[in-house]
2 protein chains.
Amino acid sequence: MEQILTVAAEALAESGYEAVSTNTIAARAGISPGSLYQFFANKEDIAHALAERYAAQLAELRTAAFDGADLPTLPLDQLIDAITGPLVEFNLANGGFKALFARPDLPPSLTDAVAPLHAALLGRVTALLSARAPGLAPEVVERTATVAIQLVRAMMPLIVAADGAERAALVGELRAVLHGYLEPVVG
Amino acid sequence: MEQILTVAAEALAESGYEAVSTNTIAARAGISPGSLYQFFANKEDIAHALAERYAAQLAELRTAAFDGADLPTLPLDQLIDAITGPLVEFNLANGGFKALFARPDLPPSLTDAVAPLHAALLGRVTALLSARAPGLAPEVVERTATVAIQLVRAMMPLIVAADGAERAALVGELRAVLHGYLEPVVG
DNA sequence: CGAAAATACGAGTTAGAGCTCGTGTTTCTC
DNA sequence: GAGAAACACGAGCTCTAACTCGTATTTTCG
């Protein structure tokens, strides 16, 4: 079942959600279409499970990477470095992530499937922002968090598509973007 | 034929590329499926023609809005205002635009169809950037332009989805993002 | 006006996707 | 070791979307 999700993630990374057929996922997982549907009710359910697995992995990543550091008191550029670094690694290692997360116009069914993932991330970022800038109005915090997430979402496909020096340069650009945007608010 | 493209754009705005059927487009245009295929070879061809129409409209928009002003010498924040304003208007008026332009993982066929649109925009932004900062290395200019376009692409769906005060606030955020990113480079 | 060319039509074809279900195979229990 | 329960199988069902093609209609022009 983990195996199925892993294969589905690979296929998603290559072709996108609509282009991947359930029969293809089954074949690549080495099982029959019938067996696939004993683990998942339908295609959307696969995406949903995958989104949850990604959410869990991101949560793990967070605790592993930032357990010691006191994020709210870190200088902004170090904070940004500490967050974007593992995030880029995660996106490189999980190509399917952006297929579920980075699309602005998912089919309505999928919107529901990935909503928890979005909500979890938004919650984390809002918490971090309000810890750093306690005076901010809640709606400003939420809007700032939404925009910051959106900026990362937008840059990640570029970063993943590039490699070598160009990728490193684009990671630098992502950090510059975040710094330029967040510095006036929570700097 | 313009009629078909207009209808197709509306349908795209509502449902996205894959979800819109050619028969639906034909029906909404008041013609039969057979007639549709006398104007366009296939579904991709419709998207291609629509992308070209958008490219032309954007070119018009540009000349109309900035004909008098001397963009390279304007202060950066005024430049950003002058560009983002009409761009937001355009996106609000043409909901189908983002369905073709803002998606990171278009099907390969569509990638070709919208490539000219991307190229045209990239060309315009690179020209503007190098006019403002003549000393920059070409690859830096191109990377900066790519990132700037990507930032606008990312923010536009948020802006279009919001309305009233929230939309205005998000436009402000877009401008803040662009300013924060571009100021160190071409400020 | 009438014939021919061009255009419009829409039911039908084809292909592929999601999904099912009767059958075969393995695994459990006594 | 035998019966039962759970699981796995994959050919095939169904539905939908892109696209076609023989026919009907309109337009063009001598």
Side-chain angles (χ1 to χ4, degrees), chain A residues 1-54 95-96 99-100 103 105-115, chain B residues 1-54 95-96 99-100 103 105-115:
Chain A
M1 190 151 159
E2 280 297 306
Q3 159 75 354
I4 296 174
L5 286 184
T6 303
V7 163
E10 288 167 16
L12 268 189
E14 290 166 20
S15 327
Y17 181 75
E18 285 94 342
V20 173
S21 81
T22 55
N23 286 12
T24 302
I25 295 175
R28 287 173 62 154
I31 62 176
S32 74
S35 302
L36 181 69
Y37 282 88
Q38 280 185 341
F39 296 105
F40 300 98
N42 48 44
K43 194 180 180 182
E44 175 194 345
D45 194 32
I46 298 174
H48 180 71
L50 194 55
E52 282 194 341
R53 201 179 73 162
Y54 281 141
L100 286 183
R103 263 185 64 170
D105 69 335
L106 287 171
S109 48
L110 276 199
T111 307
D112 294 351
V114 301
Chain B
M1 189 151 159
E2 279 298 305
Q3 159 75 355
I4 297 174
L5 286 184
T6 303
V7 163
E10 287 167 17
L12 268 189
E14 290 166 22
S15 327
Y17 181 75
E18 284 94 343
V20 173
S21 82
T22 55
N23 286 13
T24 303
I25 294 174
R28 287 173 63 155
I31 62 176
S32 74
S35 302
L36 180 69
Y37 281 88
Q38 279 184 340
F39 296 105
F40 300 98
N42 48 45
K43 193 179 180 182
E44 175 194 345
D45 194 32
I46 299 174
H48 180 71
L50 194 55
E52 282 194 341
R53 200 178 73 162
Y54 281 140
L100 286 183
R103 261 184 67 171
D105 69 335
L106 287 171
S109 49
L110 276 200
T111 307
D112 294 351
V114 302

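Letters A, B, ... mirror the listed sequences (proteins, then strands); counts begin at 1. Keep in mind that this is a model prediction, so the values were computed, not measured. Scope of the values below: all heavy atoms of this structure, side chains included, with no hydrogens, waters or symmetry mates.
Taking NE2 of A/His48 as the reference point, atom CZ of A/Phe40 lies at 10.5 Å (rounded to 0.5 Å). Summarising the geometry, atom OG1 belonging to A/Thr6 is positioned 11.5 Å from atom CZ belonging to A/Arg28; distances are rounded to the nearest 0.5 Å. For the atom pair NZ (A/Lys43) and CD (A/Glu18), the distance works out to 7.0 Å, reported to the nearest 0.5 Å. Atom OG1 of A/Thr22 sits about 6.5 Å away from atom CD1 of A/Ile46, to the nearest 0.5 Å.
Between the CD1 atom of B/Ile31 and the P atom of D/dT25 there is a distance of 19 Å, rounded to whole Å. Atom-to-atom, CD of B/Gln38 to P of C/dA6 comes out at 12 Å; the value is rounded to the nearest Å. With rounding to whole Å, A/Ile46 atom CD1 is found 14 Å from C/dA17 atom P. Distance CD1 (A/Ile25) to C1' (C/dG18): 11 Å, rounded to an integer number of Å. One can place CG of A/Asp45 at 14 Å from P of C/dG18, the figure rounded to the nearest angstrom. Atom-to-atom, CD of A/Gln3 to P of D/dA8 comes out at 13 Å; the value is rounded to the nearest Å.
Residue B/Ile25 comes nearest to B/Val7 through the heavy atom pair O-CG1, 3.7 Å, listed as atom of the first residue, atom of the second, then distance. In this structure, B/Ala99 and B/Leu106 approach most closely via the heavy-atom pair O-CD2, 4.2 Å. Nearest heavy atom pair, residue A/Ala13 against residue A/Gly95, reads CB-C, 3.3 Å.
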Heteroatom pairs (N/O) under 3.5 angstrom, protein to nucleotides 22-27 of chain C:
none

Atom pairs, N/O to N/O, protein against nucleotides 16-20 of chain D, distance under 3.5 Å?
unit_1, atom_1, unit_2, atom_2, d
D/dA18, OP1, B/Val20, O, 3.2
D/dA18, OP1, B/Lys43, NZ, 2.7
D/dA18, OP2, B/Thr22, N, 2.6
D/dA18, OP2, B/Thr22, OG1, 3.1
D/dC19, OP2, B/Tyr37, OH, 3.1
D/dC19, OP2, B/Lys43, N, 2.9
D/dC19, N4, B/Asn23, OD1, 3.4

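Within the nucleic acid shown, A/Leu36 has no heavy atom closer than 4.0 Å to any nucleic acid atom.
The side-chain hydrogen bond (donor to acceptor under 3.5 Å, both in side chains) test applied to B/Gln3 returns no partner, not counting sequence neighbours.
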